[in-house]
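This one's a predicted model, so the numbers in the text were calculated from it and none came from an experiment. All values below were derived from every heavy atom in this structure, side-chain atoms included, with hydrogens, water molecules and symmetry-related copies excluded. Proteins get letters first, then strands, A, B, ... in listed order; numbering begins at 1 in each.
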Amino acid sequence: SQQGEEDPQALSIQEGENATMNCSYKTSINNLQWYRQNSGRGLVHLILIRSNEREKHSGRLRVTLDTSKKSSSLLITASRAADTASYFCATVSGNTPLVFGKGTRLSVIA
Amino acid sequence: DAGVIQSPRHEVTEMGQEVTLRCKPISGHNSLFWYRQTMMRGLELLIYFNNNVPIDDSGMPEDRFSAKMPNASFSTLKIQPSEPRDSAVYFCASSLDGTSGRFQYFGPGTRLLVL
């Protein structure tokens with residue numbers, strides 16, 4: 001069964017706008033990771049946030065984690081056409097490997 | 001660093017044929033994962049290995065699927081006999097430790113079409 005569920009399933013924005021994607025999960029986690037997948041490519045890791053962290057930044061990316069609500073969000077600021085991709089959250093619980101959600105498809109229109 | 005290498009990149013075969021997908025993980029990584037991705041089911045974990053030993057194959061759809069990791073630098077996923085519903089993109093990924101929560105590094109995938 002899939003642990004993470006991304007919302008929305010698809011998102012279309014103009015270049016320069018911010019994009020926010022959400023992820024909800026069901027059980028307690030060790031950490032949560034976000035990945036990007038460009039069309040026809042493998043997934044690439046973006047950022048990891050541990051269960052005792054609330055916010056993390058990496059360049060134009062900001063990730064938040066609310067363990068009480070079992071949710072995380074990924075914010076991409078000042079989006080670019082090159083950010084067009086699918087974004088996945090993945091959770092780590094106990095001794096099990098990553099469990100991926102179905103992803104959010106982001107389209108950034110120039 | 002060459003990253004995770006998969007071959008072939010594309011495979012077209014006829015129903016009933018045997019298909020073998022290959023993966024070379026990043027040197028030094030001791031965990032290897034095989035995933036299948038389709039529009040309908042998303043990204044599914046099929047099987048993963050730690051130190052060349054299969055740890056969990058509960059995601060393997062049925063007995064037609066088998067995976068091996070004879071050494072730390074090579075793994076295969078075999079489908080015999082193949083069926084049209086096996087058409088998907090198959091990814092291999094590796095990491096330093098599969099269950100410690102480290103990042104996984106994905107290969108480019110093998111796009112399989114079974115006619």
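Around the CD atom of B:Gln80, the shell of radius 6.0 Å holds more than 12 heavy atoms that belong to other residues, nucleotides or ligands. Heavy-atom neighbours of B:Asp63 CG from other residues, nucleotides or ligands within 6.0 Å: at or below the threshold of 12. Within 6.0 Å of atom CZ in A:Arg60, more than 12 heavy atoms from other residues, nucleotides or ligands are found, so the atom counts as buried in its surroundings. Heavy-atom neighbours of A:Glu55 CD from other residues, nucleotides or ligands within 6.0 Å: above the threshold of 12.
Across all their heavy atoms, A:Arg41 and B:Phe91 have their closest contact at O-CZ, 3.5 Å. Nearest approach of B:Tyr35 to A:Phe100, heavy atoms of both residues: OH-CE1, 3.5 Å. In this structure, B:Gln104 and A:Gln33 approach most closely via the heavy-atom pair N-OE1, 4.5 Å. Across B:Met40 and A:Lys102, no two heavy atoms sit closer than the pair O-NZ, 3.3 Å.
Under the 4.5 Å side-chain contact rule for hydrophobic residues, B:Val53 and B:Phe65 do not share a cluster. B:Val19 and B:Met15 end up in the same hydrophobic cluster when Ile, Leu, Val, Met, Phe, Trp and Tyr side chains are linked at under 4.5 Å.
Counting heavy atoms from C-beta on, the side chains of B:Phe106 and A:Val44 never come closer than 4.5 Å.
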Would you check, one step at a time, whether the test side chain to side chain contact (heavy atoms under 4.5 Å, CB included) holds for A:Leu43 with B:Leu43? CA-CA 10 Å; A:Leu43 279 72; B:Leu43 194 65; 3.9 Å; yes
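Going from atom CG of A:Leu98 over to atom CZ of B:Phe103 covers 9.5 Å, rounded to the nearest 0.5 Å.
Between the side chains of A:Gln37 and B:Gln37, at least one donor-acceptor pair of N or O atoms lies under 3.5 Å.
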